[in-house]
Amino acid sequence: MPTCRHLILLLGDQLSPTLSSLSGADPARDVILMAEVMAEATYVRHHKLKIAFIFSAMRHFAEELREQGFTVRYTRLDEAGNTGSLSGELRRAAEALRPEAVIVTEPGEWRVLDDMKTWRQLLACPVEIRPDARFLCSHREFRAWAEGRRDLTMEFFYREMRRKTRLLMEGDQPMRGRWNFDTENRKPAAPDLLRPKRKNVTPDAITREVLALVEDRFSDHIGRLDRFGFAVTRRQAEELQDAFIADHLAQFGETQDAMLSSDPFLNHALLSFYINIGFLDPLAVCRAAERAYLEGEAPINAVEGFIRQIIGWREYVRGVYWLKMPDYVTSNFFDAHRPLPDFFWTGETDMTCLSTVIGETIDHAYAHHIQRLMVTGNFALMAGLHPHQVHEWYLEVYADAYEWVELPNVIGMSLFADGGLLGTKPYAASGNYISKMSDYCSGCRYDVKKKTGEGACPFNALYWDFLDRNGDKLSGNRRLAQPYATWRRMSEAQRQDYRATAARFLEKLDAGERV
């Protein structure tokens with residue numbers, strides 16, 4: 001005889017009381033299952049901070065559910081009998097509880113959904129996989145929007161999400177008569193001693209126990225744990241949301257693309273961790289930002305840019321992921337096969353921009369979108385690093401990275417490995433862009449103003465070499481017409497100088513020499 005009605009499995013990024021699998025849950029008749037399993041912690045070698053954040057958040061959410069009267073069957077990583085996999089823990093719980101049915105919300109990753117589809121046979125009981133209603137655009141809606149379109153341009157999708165949510169709208173038209181204020185959000189930043197300090201959360205007893213566990217079990221993973229300051233409860237995450245809107249949103253817009261070596265966070269929200277894990281509702285976050293604009297606390301360019309990242313880009317990349325998987329993960333438009341250099345795990349390179357961004361990633365399991373796109377991503381693209389290795393690195397090192405959001409950003413946006421499905425051109429740039437938008441170039445061993453030869457910024461020669469060696473695939477791209485025209489106007493000697501400088505750099509990279 002069954003001992004419970006429903007066994008409800010919650011995944012580590014499903015820490016939301018409004019989750020579809022919890023809809024209609026009865027504390028008197030249902031049991032909730034949560035499990036820390038080695039398979040999920042190691043399918044890529046996740047950053048220590050990422051593992052600790054997720055495990056601590058899971059343990060705290062389990063306590064919240066217990067306070068609501070639910071029975072929570074929680075398997076800790078070091079618990080005796082832990083099978084090490086979601087399927088194993090689900091089977092173990094089902095054998096003990098003999099539920100009438102298992103209820104789950106669809107996962108964010110293809111590999112987990114593929115596994116879920118086998119559970120009915122594994123458990124010999126019904127398994128109901130419910131849609132994840134925390135997103136604004138369902139899989140069906142996105143497929144309908146994408147059908148028949150030659151280009152899946154995010155801007156047009158974003159406008160549909162604005163109309164659907166009514167955010168920053170006046171009737172059928174956008175407030176202030178514009179959909180997008182991005183041209184006002186591209187200014188460099190200067191050090192600001194008056195910038196409000198970030199509010200970190202002091203680890204409590206539960207978190208300290210998790211930190212010790214992670215250090216013991218994952219000591220060879222990238223990262224350090226002494227700077228742990230993540231919110232690990234919904235209330236803490238809401239406090240950080242309120243602090244961002246009060247202290248940083250007004251200045252977020254203008255300098256959202258800027259980079260400073262002395263300030264890794266600038267005015268960025270640092271809320272993606274909590275939205276992606278389920279602590280914060282994305283639409284509620286956007287409405288809070290909209291209120292700041294309507295009440296005169298933040299300008300339209302900052303608020304629109306912030307909202308676009310959530311209801312536009314975040315929803316869009318999820319749609320692309322589920323539309324194009326499972327083949328999307330193997331995309332390699334440029335046939336790039338160079339392995340990742342060792343400095344992607346150590347930050348030990350003489351290129352200050354890369355050493356700074358990777359060093360901050362090691363310290364915080366975070367880098368903002370321009371650091372990911374125009375520093376590490378730009379280098380990976382132009383150096384011809386293998387897309388799948390780059391994808392796995394991003395998935396490993398960032399605490400907000402889950403495959404549904406990370407993969408399209410890396411494969412499509414950073415590496416153009418999908419051949420232009422997601423982006424209209426490769427985001428390749430010389431050292432001039434990094435110099436303009438950051439202070440990284442001052443004091444670097446390489447001279448950003450020197451184009452070729454010894455001591456020249458590697459990004460300069462790599463840029464032209466990238467365009468040259470991929471001319472058969474890119475020269476017809478209308479957004480690259482000007483750089484290709486410039487390349488053709490160069491003398492053959494100048495073009496050969498760029499090729500030779502790039503070749504020398506890549507030879508050193510391949511040999512494992514410090515660059």
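Every heavy atom of this structure was used, including side-chain atoms; hydrogens, water molecules and symmetry mates were not. Position 1 is the first residue of the sequence; numbering continues from there.
Qualifying ring pair (Phe, Tyr, Trp, His ring centres under 6.0 Å) partners for Trp313, counting only residues two or more places apart in sequence or in other chains: Tyr316. Here Glu141 pairs with Ser138, Lys164 under the side chain to side chain donor-acceptor pair (under 3.5 Å) rule; sequence neighbours left out.
There is a side-chain donor-acceptor pair under 3.5 Å between Asp115 and Ser87. Tyr366 and Asp400 are not linked by any side-chain donor-acceptor pair at a separation below 3.5 angstrom, with hydrogens and angles left out of the test. Side-chain N/O atoms of His391 and Glu406 include a donor and acceptor closer than 3.5 Å. Asn82 and Arg92 form no side-chain donor-acceptor contact under 3.5 Å, judged by distance and modelled atom types alone. Residues Thr75 and Glu89 have side chains that bring a donor and an acceptor to within less than 3.5 angstrom of each other. His60 and Asp204 form a side-chain donor-acceptor contact under 3.5 Å, judged by distance and modelled atom types alone. A donor and an acceptor atom, one from each side chain of Ser414 and Tyr394, are nowhere located under 3.5 Å apart.
A parallel orientation is assigned to the rings of Phe244 and His248, their planes being inclined by less than 30° (bins at 30° and 60°).
Lys117 forms a cation-pi arrangement with Trp110, by the criterion of a distance under 6.0 Å to the ring centre and an angle within 45° of the ring axis.
With respect to Asp281 and Arg134, no salt bridge is recorded, no charged nitrogen being found less than 4.0 Å from a carboxylate O. Electrostatic pairing of Lys199 and Glu239 does not count as a salt bridge here, judged by no charged N lying under 4.0 Å from a carboxylate O.
Rounding to the nearest 0.5 Å places CD of Gln256 at 11.0 Å from CG of Leu266. Within the model, atoms CG of Leu167 and CD of Glu290 stand 5.0 Å from one another, a figure rounded to the nearest 0.5 Å.
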